[in-house]
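The structure under discussion appears below in the form of structure tokens.
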There are 2 protein chains.
Amino acid sequence: MSKTSQQIAEICGVSRGTVDRALNNRPGINPETKERILKVAEQLGYRPHFLAQSLVKGSTKSIGAVLFDINNRIFPQLVNAIETRASELGYFLYLTLTNKDPEKERECLQHLVDRRVDGILLLSVNKGDDFERFVSKLGVPVITFGNLVSDEIPYIWVDDRKAIRDAVKRLAALGYEEIIYVSPPMALSGRTNLYAVEQRHAGFRQAIAEAGGALSADLILHKGYLEEIEGLLRKGSKRKVILCTSDKYALKVLLHLKKKGIRVPQDVGLMGFDNIDTLEYITPSLSTIAYSADEVGTKAVDLLVDRIAGRNVPLRTMVPHEIIEGEST
Amino acid sequence: MSKTSQQIAEICGVSRGTVDRALNNRPGINPETKERILKVAEQLGYRPHFLAQSLVKGSTKSIGAVLFDINNRIFPQLVNAIETRASELGYFLYLTLTNKDPEKERECLQHLVDRRVDGILLLSVNKGDDFERFVSKLGVPVITFGNLVSDEIPYIWVDDRKAIRDAVKRLAALGYEEIIYVSPPMALSGRTNLYAVEQRHAGFRQAIAEAGGALSADLILHKGYLEEIEGLLRKGSKRKVILCTSDKYALKVLLHLKKKGIRVPQDVGLMGFDNIDTLEYITPSLSTIAYSADEVGTKAVDLLVDRIAGRNVPLRTMVPHEIIEGEST
DNA sequence: CTGTTAGCGCTTTCAG
DNA sequence: CTGAAAGCGCTAACAG
């Protein structure tokens, strides 16, 4: 079926070494024979055998991505950015999905290494010393994002903590007196890697502390948030706003409030986080915290390729965030 | 860094052949030496070199996906289904994105073949005899979906034509007398592969013909659909409904109508196609045509793996569709 | 039951 | 400037 450099050599009556010199324009070859070889290669439709090349060169020009969160709506943008940048830099992308299964995540990582990817991008559900060691021992460069795995492994993301603090300040400035913070994933705290979610949470507590009594806060850290919100809204007379750890929850809240006839923002304010593209179609438009998933993906690949090339990269890289003022606050 | 079967052989004082027999539990080996070898392999943390294996076996256990449409919201579901099924069947997924660039699509296909993927899943933007030939000559099994490339290449998707006809019948049954069909991508007809979009369009025309004068139809096949819709809504007194070639356009229309104070469904009905998951958060809930992206992805992989195994597969596979009655009609 | 040999297709010395 | 040979790590066929 496919042609080998050996065949070209035979046809041209030269050795494989010479063919190789022609094909990879390496010095030390007569321009005329080179010309001849290239012509024959062209005619045969010769294509180098990538596996064989990789085997001898020790580099596959491929990177692996290990992701858990297909439901997170920034997924398409992230994957798009990663693939696009990788492709620009000459790398192919192995995509592996873990569906939040810690064991599967380890397997994916191991398999990628078995396939000799040059580097790995990791959005992890695992955490802890044991896992840190596992990742360190893989023997290939790893860049993490979304959830931190180790202080020693480069991490890129938005500054969740500061972002929430900025949001709280903004809400205070808008005149809100009570903030209902909704972060259902926190219920899983300790059992799974929730670094980003926890950073947001920590940012919120800090912001409230900084407000020094000017703001009161309610924390809802479980699945039954819709009911609990309703209860809270009935109490007291402070101007209230609901701040959700991600747009996904904010949208569910919005839907629920609409059903109950509670008006946003007249009766209560609402704010999300992520600026997922679904928001484009939502009324009233949702206030949220935006950052560029494109930038995260693109830079993550850049960092990884730098590491692959043996260059040092910063252990923490933060992409900028921005408060989007929608109609919901 | 990483251990080779050679090293195990030396440590155990046997030959590589024997090590191979132990590792791949092939017959013809003394259980005790096998035991010994496996133990050493375990201790060394031996992992077979996948590239070397692939090189000699001629199979990489990887498949490639070539997609153009990251914006289409069924993308995450599709990719998820594909990766999940591939993984279950022991295959790794190379994801390549073309951003609707025909030349890039060809490159992606060629590169995947260079990397010796065992098979390819293709959602194509290219079409035509030339491209058909190109794909046929790749030398690996290809399964297409979404857009048909050739009658000879297996294709899996929803029956777009029938789906639209079912939708039109349903709209007629609901008492609508005039249907505004919105399909902006059709403006590119001829220049790019729009098979699915064209099938939907053809289905619409057929349905209108079948209705034999009971229904009147307006076709909007360009970007300026919002303005044109407004114009059409002002004319005549028939009960009107807007049928969009995909939910994405339906949502844009909905947003526009809300802004203009035109009520859905009281003033005009609205229906989409695809049942993208954004709809979950939309009010009024959108009527649409649903099909399972999961099923498309999963079955596409199954078909591909069948082809890789040399089995014959049907040239056309249709996944079922279903009309979803939302509040918008 | 085990060792040897010959590749898979390519790159990379080292001679000539 | 070119050829020959060794080797990447593994598998498979053939002896012993």
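Per chain, numbering begins at 1; letters A, B, ... match sequence-line order. For the numbers below, each heavy atom of this structure counts, side chains included, while hydrogens, waters and symmetry mates do not.
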Of all residues at least two apart in sequence or in a different chain, which pass the salt bridge (Lys or Arg N to Asp or Glu O under 4.0 Å) check with [X]?
{"X": "A/R36", "answer": "none"}
{"X": "B/D130", "answer": "B/R106, B/R133"}
{"X": "A/D302", "answer": "A/R85"}

Just how far, in rounded Å, is [atom2] of [N] from [atom1] of [X]?
{"X": "A/I37", "N": "D/dC1", "atom1": "CD1", "atom2": "P", "answer": "13 Å"}
{"X": "A/Q7", "N": "C/dC8", "atom1": "CD", "atom2": "C1'", "answer": "13 Å"}
{"X": "A/I8", "N": "C/dG9", "atom1": "CD1", "atom2": "C1'", "answer": "12 Å"}
{"X": "A/L23", "N": "C/dT11", "atom1": "CG", "atom2": "C1'", "answer": "12 Å"}

**Item:** Sequence-distant partners of A/E107, side chain to side chain contact (heavy atoms under 4.5 Å, CB included), two or more places apart
**Value:** A/E103, A/H111
**Prompt:** Partners of A/V305 by side chain to side chain contact (heavy atoms under 4.5 Å, CB included), sequence neighbours excluded?
**Reply:** A/L89, A/Y91, A/V301
**Asked** How is A/F50 classified with respect to the nucleic acid when contacts are heavy atoms under 4.0 Å: base, sugar-phosphate, or nothing?
**Response** nothing
**Request:** Not counting sequence neighbours, which residues clear side-chain hydrogen bond (donor to acceptor under 3.5 Å, both in side chains) with B/N24? List them please.
**Result:**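 Applying side-chain hydrogen bond (donor to acceptor under 3.5 Å, both in side chains) to B/N24 gives B/D20.
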**Fill in**
Sorted by number, residues from residues 106-119 of chain A placing a heavy atom under 4.0 Å from DNA chain C are none
**Complete:** Readout for nucleotides 2-8 of chain D: B = base within 4.0 Å of protein heavy atom, S = sugar-phosphate only, - = neither; 5' to 3' it is BB---BB
Check residues 40-54 of chain A and write down every donor-acceptor pair under 3.5 Å in which the side-chain atom is one partner and the other belongs to a residue at least two apart or another chain.
| unit_1 | atom_1 | unit_2 | atom_2 | d |
| --- | --- | --- | --- | --- |
| A/R47 | NH1 | B/D114 | OD1 | 3.4 |
| A/R47 | NH1 | B/D114 | OD2 | 2.4 |
| A/H49 | ND1 | A/L51 | N | 3.3 |
| A/H49 | ND1 | A/A52 | N | 3.3 |
| A/S54 | OG | A/F50 | O | 2.9 |
| A/S54 | OG | A/S59 | O | 3.3 |

